[in-house]
Amino acid sequence: MTHFRARYGSDTDVYAAYYYEATRIIAQALKEVGADANAIKSYLYRLHGPMSYKGITGTTSFDAKGEVDKDFLIYVVKNGHFVLADSVLPKKAI
């Protein structure tokens, strides 16, 4: 993060890692199946179980409807900074 701050004069967005991860997943899909939208959709739908994408934010999967199947984190602002909320339920518990 210090390199980012030095280059751009600010800290990264709290969700920057997720943006990066989404870009990597799409880039991998493009590399594997090309630029056809239906082929990319099918590729993403196959990302579950042992075929899930393993990246910097953990394991990313997609369910049968194309929704991301991943626990999520909730951040709150304390003293002007984003911090992880004290209590977070996994997505599957909601």
Side-chain angles (χ1 to χ4, degrees):
M1 183 141 67
T2 54
H3 296 291
F4 186 93
R5 187 180 307 122
R7 183 170 183 175
Y8 298 105
S10 66
D11 289 335
T12 60
D13 179 279
V14 68
Y15 296 107
Y18 294 102
Y19 307 147
Y20 174 82
E21 196 86 304
T23 303
R24 298 285 300 174
I25 291 170
I26 295 299
Q28 181 175 313
L30 289 166
K31 182 179 177 184
E32 296 282 329
V33 299
D36 178 71
N38 286 324
I40 292 170
K41 176 182 172 183
S42 295
Y43 176 87
L44 294 176
Y45 279 31
R46 290 192 308 266
L47 291 181
H48 57 84
M51 297 299 294
S52 296
Y53 181 87
K54 309 221 181 0
I56 63 170
T57 65
T59 301
T60 302
S61 298
F62 294 87
D63 67 17
K65 295 181 181 179
E67 296 290 326
V68 175
D69 185 14
K70 182 178 194 158
D71 292 343
F72 61 90
L73 304 175
I74 298 173
Y75 290 85
V76 295
V77 178
K78 288 186 181 177
N79 299 320
H81 298 282
F82 287 105
V83 294
L84 186 60
D86 294 331
S87 173
V88 179
L89 294 174
K91 177 183 172 188
K92 293 176 179 107
I94 297 175

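Please read all numbers here as calculations on a predicted model, not as lab measurements. Worth knowing before you read on, the calculation uses all heavy atoms, side chains too, and leaves out hydrogens, waters and symmetry mates.
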Handout entry: Partner residues of Ala22 under the side chain to side chain contact (heavy atoms under 4.5 Å, CB included) criterion, sequence neighbours left out
Key = none
Practice task
Could you tell me which residues satisfy side chain to side chain contact (heavy atoms under 4.5 Å, CB included) with Ser52, sequence neighbours excluded, listed by chain and number?
Solution key: Lys54, Thr59, Ser61
Exercise for the section: Decide yes or no for Asp11 and Phe4: does some side-chain heavy atom of the first lie under 4.5 Å from some side-chain heavy atom of the second? Expected result: no
Exercise for the section: Tell me, please, which residues at least two apart from Thr57 pass side chain to side chain donor-acceptor pair (under 3.5 Å). Expected result: Glu21, Lys70
Practice task
Determine, stepwise, if the pair Leu47 / Ile25 fulfils side-chain contact (heavy atoms from CB on, under 4.5 Å).
Solution key: CA-CA 10 Å; Leu47 291 181; Ile25 291 170; 4.0 Å; yes
Problem - Ile26 CD1 to Leu44 CG distance, which is reported to the nearest 0.5 Å - result: 5.0 Å
Fill in the blank from the handout: For Asp13, the side chain to side chain donor-acceptor pair (under 3.5 Å) test, sequence neighbours excluded, returns Tyr19
Exercise answer: donor-acceptor pairs, residues 29-37 side-chain atoms, under 3.5 Å, sequence neighbours excluded:
{"from": "Asp36", "atom 1": "OD2", "to": "Asn38", "atom 2": "N", "distance (Å)": "3.3"}
{"from": "Asp36", "atom 1": "OD2", "to": "Ala39", "atom 2": "N", "distance (Å)": "2.9"}

Fill in the blank from the handout: Joining Ile, Leu, Val, Met, Phe, Trp and Tyr whenever any side-chain heavy atoms lie under 4.5 Å apart, the cluster holding Ile56 also takes in Tyr20
Handout entry: Residues forming a side chain to side chain contact (heavy atoms under 4.5 Å, CB included) with Tyr75, sequence neighbours excluded
Key = Val14, Tyr15, Leu73, Phe82, Leu84
Practice task
Could you pull out all residues at least two apart from Gln28 that satisfy side chain to side chain donor-acceptor pair (under 3.5 Å)?
Solution key: Tyr43
Exercise for the section: Flag the pair Tyr53 / Arg24 as yes when at least one side-chain heavy-atom distance between them is below 4.5 Å, and no otherwise. Expected result: yes
Practice task
Please list, chain by chain and in numerical order, all residues satisfying salt bridge (Lys or Arg N to Asp or Glu O under 4.0 Å) with Lys78, sequence neighbours excluded.
Solution key: Asp86
